[in-house]
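Okay, so here's the structure we're looking at.
Keep in mind that this is a model prediction, so the values were computed, not measured. What's counted below: heavy atoms across the whole structure, side chains too, no hydrogens, waters or symmetry copies. Chain letters run A, B, ... following the sequence lines, proteins first, then strands; residues in each count from 1.
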Number of protein chains: 2
Amino acid sequence: MLTIGELGRATETGVETIRYYERIGLLPRPSRTGGNYRAYGEADLGRLSFIRRARALGFPLDRVRALLSLSDDRGRDCATIDLLAREHLAEVERKIADLAALRRELAAMIDSCGGGTVAQCRIVEALGPARRD
Amino acid sequence: MLTIGELGRATETGVETIRYYERIGLLPRPSRTGGNYRAYGEADLGRLSFIRRARALGFPLDRVRALLSLSDDRGRDCATIDLLAREHLAEVERKIADLAALRRELAAMIDSCGGGTVAQCRIVEALGPARRD
DNA sequence: ATGCACCCTGTAGCAGCTACAGGGTCAAGA
DNA sequence: TCTTGACCCTGTAGCTGCTACAGGGTGCAT
């Protein structure tokens with residue numbers, strides 16, 4: 001039997017976050033003690049660990065939900081899970097590419113700044129409106 | 001004179017977004033027509049262009065605000081602007097590194113999946129709780 | 001009995017928009 | 001002139017994924 005605080009420490013999750021997961025239906029409502037405290041068991045620990053690892057890998061909560069329901073069905077073909085993971089990987093790669101493009105632009109902008117006053121600053125100029133001289 | 005819709009098309013910004021920027025004080029309140037429509041001028045176009053370019057480069061709104069007030073002071077030394085841009089670049093680089101680590105983990109997880117049922121799936125296993133066999 | 005750490009519910013806040021609901025305005029066409 | 005339709009107005013609520021209260025109750029040690 002774990003209290004919410006113990007479960008939180010075991011999974012590196014804030015107490016409020018656990019209650020939030022319960023509220024949105026990601027964690028089942030646990031049984032309660034006489035004093036109305038939430039009482040968690042091993043299954044809850046497993047489920048929350050799963051959620052936290054998936055989150056740490058960047059899966060959004062709705063994908064975590066999908067992964068959870070897929071993985072509950074132990075006899076099913078795991079192709080769908082593989083697909084979800086691949087889709088997520090593709091998204092991560094897209095984000096990396098976007099950020100790399102951003103980095104190039106930022107670096108070029110910073111390089112162009114030769115100091116001086118704001119009026120002469122290339123950074124400000126680069127951010128300003130397209131001028132039709 | 002531009003209506004809010006025209007300004008939006010000129011800067012690729014949604015009308016609601018422009019009103020939002022006004023609400024949070026990023027854009028000044030424009031004058032109004034007889035019919036109470038917002039009436040924008042060249043200065044507004046310039047300012048909104050600046051905001052949108054900075055946003056496209058990933059600057060959060062509070063940094064955009066700082067950049068705007070710095071760049072209003074044309075005679076000032078542009079070192080602070082340069083610093084803000086460099087800080088932002090550093091953040092982008094940190095994000096790229098984080099995502100690259102994520103990508104490695106995801107790719108390794110996906111590689112390990114040899115198909116079969118969910119019960120055998122390495123992805124599910126990798127996400128599951130640490131087992132003390 | 002008293003203090004303290006923990007637990008409870010419910011609500012509001014963060015970024016940065018986006019999407020209504022429920023109206024008013026304006027120009028063009030019949 | 002009337003009507004249609006595209007636009008505009010305000011105000012408020014929703015999105016993600018938490019996080020932070022306020023205002024209470026519980027449980028254990030001293």
Side-chain angles (χ1 to χ4, degrees), chain A residues 1-41 44 47-68 88 91-92 95 98 102, chain B residues 1-41 44 47-48 50-68 88 91-92 95 98-99 102:
Chain A
M1 278 300 160
L2 296 165
T3 65
I4 195 171
E6 287 161 354
L7 181 63
R9 278 187 292 278
T11 57
E12 298 187 331
T13 310
V15 163
E16 317 272 13
T17 303
I18 297 175
R19 286 198 280 250
Y20 169 71
Y21 288 163
E22 179 183 328
R23 209 160 52 242
I24 64 170
L26 211 53
L27 284 177
R29 293 197 194 177
S31 53
R32 302 286 183 134
T33 66
N36 198 31
Y37 284 17
R38 287 170 179 82
Y40 295 101
D44 298 300
R47 194 173 173 91
L48 183 52
S49 301
F50 187 103
I51 294 168
R52 296 302 282 179
R53 293 195 199 202
R55 290 290 299 129
L57 287 169
F59 286 93
L61 285 182
D62 56 350
R63 295 251 176 123
V64 175
R65 209 186 285 270
L67 286 171
L68 275 169
H88 181 54
E91 248 164 63
V92 168
K95 260 183 209 160
D98 286 354
L102 219 62
Chain B
M1 278 300 161
L2 296 164
T3 66
I4 195 170
E6 287 161 354
L7 181 63
R9 277 187 293 279
T11 56
E12 297 187 331
T13 310
V15 162
E16 316 272 13
T17 303
I18 297 175
R19 286 199 279 250
Y20 169 71
Y21 287 163
E22 179 184 328
R23 208 159 53 242
I24 64 170
L26 211 55
L27 284 177
R29 293 197 196 175
S31 53
R32 301 286 182 134
T33 66
N36 198 30
Y37 284 18
R38 287 171 179 81
Y40 294 100
D44 298 300
R47 194 173 173 92
L48 183 53
F50 187 102
I51 294 168
R52 297 303 281 179
R53 292 195 200 200
R55 289 290 301 128
L57 287 169
F59 286 93
L61 285 182
D62 55 351
R63 296 250 177 123
V64 175
R65 210 186 284 270
L67 285 172
L68 275 169
H88 181 53
E91 248 165 63
V92 168
K95 258 183 210 159
D98 288 353
L99 284 175
L102 218 62

Less than 4.5 Å apart, any side-chain heavy atom of B:L48 and any of B:T13?
yes
Take the protein atom OH of B:Y21 and the nucleotide atom C1' of C:dA15, then report the distance between them rounded to whole Å.
11 Å
Rounding to an integer number of Å, can you tell me how far A:M1 CE sits from C:dC6 P?
20 Å
Taking all atoms of both residues into account, what is the closest heavy-atom pair of B:E22 and B:P30, and its distance?
OE1-CD, 3.5 Å
Between B:Y21 and B:R55, what is the shortest heavy-atom contact and its length?
OH-CG, 4.0 Å
Determine: side-chain N/O of B:T17 to OP1/OP2 of C:dT18, distance under 4.0 Å, yes or no.
yes
What is the distance, rounded to the nearest whole Å, between atom CZ of B:R63 and atom P of C:dG16?
11 Å
Within 6.0 angstrom of B:R29 CZ, more than 12 heavy atoms from elsewhere:
no
Atom pair distance, as rounded to whole Å: CD1 in A:I24 and P in D:dG14
16 Å
Should A:T33 be listed as having a side-chain N or O under 4.0 Å from OP1 or OP2 of D:dT26?
no
For atom OH of A:Y20 and atom P of D:dA20, their distance in whole Å:
15 Å
Taking atom CD as the centre, does A:E6 end up with more than 12 heavy-atom neighbours from other residues, nucleotides or ligands that are less than 6.0 angstrom away?
yes
Would you say B:H88's side chain and B:R63's backbone share a donor-acceptor pair under 3.5 angstrom?
no
Identify the pairs formed between an N or O of the protein and an N or O of nucleotides 6-11 of chain D at a distance under 3.5 Å, and give each distance.
{"residue": "D:dC8", "atom": "OP1", "partner": "B:T3", "partner atom": "OG1", "Å": "2.9"}
{"residue": "D:dC8", "atom": "OP1", "partner": "B:G5", "partner atom": "N", "Å": "2.6"}
{"residue": "D:dC9", "atom": "OP1", "partner": "B:R38", "partner atom": "N", "Å": "2.8"}
{"residue": "D:dC9", "atom": "OP1", "partner": "B:R38", "partner atom": "NH1", "Å": "2.8"}
{"residue": "D:dC9", "atom": "OP2", "partner": "B:R19", "partner atom": "NH1", "Å": "2.5"}
{"residue": "D:dC9", "atom": "OP2", "partner": "B:R38", "partner atom": "NH1", "Å": "3.1"}
{"residue": "D:dC9", "atom": "O5'", "partner": "B:R38", "partner atom": "NH1", "Å": "3.4"}
{"residue": "D:dC9", "atom": "O3'", "partner": "B:R32", "partner atom": "NH1", "Å": "3.3"}
{"residue": "D:dT10", "atom": "OP1", "partner": "B:R32", "partner atom": "NH1", "Å": "3.4"}
{"residue": "D:dT10", "atom": "OP1", "partner": "B:R32", "partner atom": "NH2", "Å": "2.9"}
{"residue": "D:dT10", "atom": "OP2", "partner": "B:R38", "partner atom": "NH1", "Å": "3.0"}
{"residue": "D:dT10", "atom": "OP2", "partner": "B:R38", "partner atom": "NH2", "Å": "2.6"}

